[in-house]
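Presented below is the structure to which this report refers.
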Protein chains: 2
Amino acid sequence: MIELHLLKLRARDEISAEEEAALRGAVADVVDYPADRTIIEANRDLTHSTLLLEGLMGRYKDLRDGQRQITALHIPGDFLDLHSFTLKRLDQPVMSLTRCRTALVPHAKLEEITRNFPHLTRILWFSTNLDACIHREWSVSLGRRTAIARAAHLFCELQIRFGIVGLTDGTSYPLNLTQIELAECLGLTSVHVNRVLKELRERGLAEFRGGKVTILDWDGLVRVADFDSNYLYLERAPR
Amino acid sequence: MIELHLLKLRARDEISAEEEAALRGAVADVVDYPADRTIIEANRDLTHSTLLLEGLMGRYKDLRDGQRQITALHIPGDFLDLHSFTLKRLDQPVMSLTRCRTALVPHAKLEEITRNFPHLTRILWFSTNLDACIHREWSVSLGRRTAIARAAHLFCELQIRFGIVGLTDGTSYPLNLTQIELAECLGLTSVHVNRVLKELRERGLAEFRGGKVTILDWDGLVRVADFDSNYLYLERAPR
DNA sequence: CGGGTGGTTGAGCTTTCTCAAATAGAGTGG
DNA sequence: CCACTCTATTTGAGAAAGCTCAACCACCCG
């Protein structure tokens, strides 16, 4: 059940058999959700964190004037809200973008881990820090990159992230978002995203259609995005 | 020495005398830096984290084309890179924006804490998660807020953060940044920041001059910014 | 076949950027 | 104390990226 999550962690550090068992033992129920459902509301007291097994989720914030910014995308193997273990409530809600399957991990079990498995604790801590690294890189995109570079950068990032959990065939991966939702990730309007996608397609860099991203020219896309995977911490190191 | 950091933590949870002692015992040398110096370079192996005692620091990323985005501002009492404890290297460098005084906290000491003080560990973990919440809110600003709302939002956030560590007199706090650096935080050009600051001043909302922010009309500023302090987790709760 | 959602395109507009120049201020050496 | 220099701030004018509004198309599903 937590196979994809283990893939993600083991790409960054060794996980012992005992640690793996502790992690497996921490998982409680499996819960499914339809698409377009807020599954973790903001400011509610939480007693468990949620691991994403299948589907696509996003953290977002709605502004008073009706605009929405998606601040993070979660793919299978990601915790949606491991940070809720210490935060106790979320400042930003999490919604399903497609149909999803999740596994609940009670905070009580995580607390046991912090008492008995210091190294595993650090690995879980690492994984929330990795989320923060991705947030910072998104800030760079939103603050400084052009529309086309932002889209290219996101496609590069996701190619790597899907690759880690074995969900890409090398040149394409599932991304069942509407152009409106993609615009909400990129800080653009859907109209402009449409034009940007057209340009990426016409320049032979990447294609977004049918709920799927296809990388047509990785090096070209990396160049347009000014993409550097450093921030994804793809090396194994003792954490 | 770690008084301001304790203020910050104790605003969010109880810290026992033993935990306080463990934290005090973790601090090693004090180091001073001049302004405008990169003090933690990207991708270097790190063996300690750094606590900011005095001054202003920022995490940033330079793009190929010469643009810079500042992704976080650190004020006294903040860890600059507590996340380096699990990341082992930083994806984004940290620089001093003013003259600064810091205290080094060896990772070995933090590791001891994770072995012996699970609750304190969770509090430190919380504090990196809080950084991430701020990152997400910055993403919202960069992605969706207008230039004036972005500036107003940052001024609101910093008023609260300086307030927690007792460095505001209620209406003003030190912020010794150039307009260029402020622009690098806000994802704008310095020319436009200048015009935005003028508008905030003329509308009687806030003033930025002489290395200091003065809030002239808190409610008005909050309205312009669409500011909600939820994401700063100002409540005490068992973490 | 019809309704609904999402994608595509065009035209004009707004925000913010770029380029350029003028002004202000802080620090330095004479 | 004054000229000089350097950096930061301020303002103006024109350009560009991306937004808004509107229409039309394509596809899916009942």
Side-chain angles (χ1 to χ4, degrees), chain A residues 34-37 56 63 65-70 96-99 141-154 175-203 206-214 224-226, chain B residues 34-37 56 63 65-70 97-99 141-154 175-203 206-214 224-225:
Chain A
D36 298 312
R37 181 76 52 97
L56 198 62
L63 296 184
D65 64 3
Q67 294 190 94
R68 170 174 294 183
Q69 178 67 36
I70 294 178
S96 58
L97 296 161
T98 65
R99 299 208 305 147
S141 278
L142 292 167
R144 289 291 181 226
R145 288 194 246 260
T146 61
I148 193 168
R150 273 183 229 184
H153 198 278
L154 180 64
L175 194 70
N176 213 332
L177 293 178
T178 64
Q179 292 185 5
I180 294 168
E181 289 159 342
L182 194 53
E184 288 166 351
C185 293
L186 299 174
L188 301 168
T189 59
S190 65
V191 171
H192 200 61
V193 161
N194 182 278
R195 297 189 226 267
V196 161
L197 291 174
K198 183 181 176 187
E199 185 172 349
L200 285 174
R201 205 184 317 126
E202 288 177 351
R203 287 169 64 177
E207 217 169 40
F208 174 85
R209 62 189 305 115
K212 196 170 88 160
V213 171
T214 307
V224 167
D226 195 11
Chain B
D36 298 313
R37 181 77 52 98
L56 198 62
L63 296 185
D65 64 2
Q67 295 191 95
R68 170 175 295 184
Q69 178 67 37
I70 294 177
L97 296 162
T98 65
R99 300 206 305 145
S141 278
L142 293 167
R144 289 291 181 225
R145 287 194 246 261
T146 61
I148 192 167
R150 273 183 230 184
H153 199 277
L154 180 63
L175 194 70
N176 213 332
L177 293 178
T178 63
Q179 293 184 8
I180 294 168
E181 289 160 340
L182 195 53
E184 287 165 351
C185 293
L186 299 175
L188 301 168
T189 58
S190 65
V191 171
H192 200 62
V193 161
N194 182 278
R195 296 190 226 267
V196 161
L197 291 173
K198 183 181 177 187
E199 185 172 349
L200 285 174
R201 205 184 317 125
E202 288 178 350
R203 286 169 64 176
E207 217 169 40
F208 174 86
R209 61 189 305 114
K212 196 170 88 161
V213 172
T214 307
V224 167

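Within every chain, numbering begins at 1; the chains are lettered A, B, ... in the order of the sequence lines, protein sequences first and strands thereafter. All values below come from the heavy atoms of this structure, side chains included, with hydrogens, waters and symmetry mates left out.
- Counting to the nearest Å, the P atom of D/dG14 and the CZ atom of B/Arg195 are 13 Å from each other.
- As a whole-Å value, the separation of B/Lys198 NZ from D/dT11 C1' is 7 Å.
- Taking 4.0 angstrom as the limit, B/Asn194 places a side-chain polar atom (N or O) nearer than this to OP1 or OP2 of D/dT10.
- The backbone N or O of A/Leu186 lies less than 3.5 Å from a partner atom in the side chain of A/Arg150, making a donor-acceptor pair.
- If you measure from atom CZ of B/Arg144 to atom C1' of D/dT20, you get 14 Å, rounded to the nearest angstrom.
- Counting to the nearest Å, the P atom of D/dC21 and the NE2 atom of A/His192 are 17 Å from each other.
- Nucleotides of DNA chain C that come within less than 4.0 Å of any heavy atom of chain A span, from the 5' end to the 3' end, C/dG6 to C/dA11.
- Under a 3.5 Å cut-off, the side chain of A/Ser96 and the backbone N or O of A/Arg99 do not form any donor-acceptor pair.
- Using a 4.0 Å heavy-atom distance criterion, A/Leu197 is classed as making no nucleic acid contact.
- One atom, CG of A/Leu188, and another, P of D/dT20, lie 11 Å apart when rounded to the nearest Å.
- A/Glu181 contributes a side-chain N or O that, together with a main-chain N or O of A/Thr178, makes up a donor-acceptor pair within less than 3.5 Å.
- With the nearest nucleotide of DNA chain C identified for both B/Ile148 and A/Val191, A/Val191 has the one nearer the 5' end.
- B/Gly187 comes within contact range of the sugar-phosphate backbone alone, with a heavy-atom separation under 4.0 Å but no base atom that close.
- No donor-acceptor distance shorter than 3.5 angstrom exists from the side chain of A/Glu184 to the backbone of A/Gln69, with no hydrogens or angles considered.
- Formation of a donor-acceptor pair under 3.5 Å by the A/Thr98 side chain with backbone atoms of A/Asn176 is not found in this model.
- Following rounding to the nearest Å, A/Arg145 (CZ) and D/dA17 (P) show an atom-to-atom distance of 18 Å.
- Between the A/Arg195 side chain and the A/Ser190 main chain, no donor and acceptor come within less than 3.5 Å of each other.
- Rounded to whole Å, atom C1' of D/dA17 lies 16 Å from atom CG of A/Leu142.
- B/Ile180 has its CD1 atom 9 Å from the C1' atom of D/dT9, to the nearest Å.
- Within 4.0 Å (heavy atoms only), A/Ser190 reaches no atom of the nucleic acid at all.
- Atom OG of B/Ser141 and atom CG of A/Leu142 lie 10.5 Å apart (nearest 0.5 Å).
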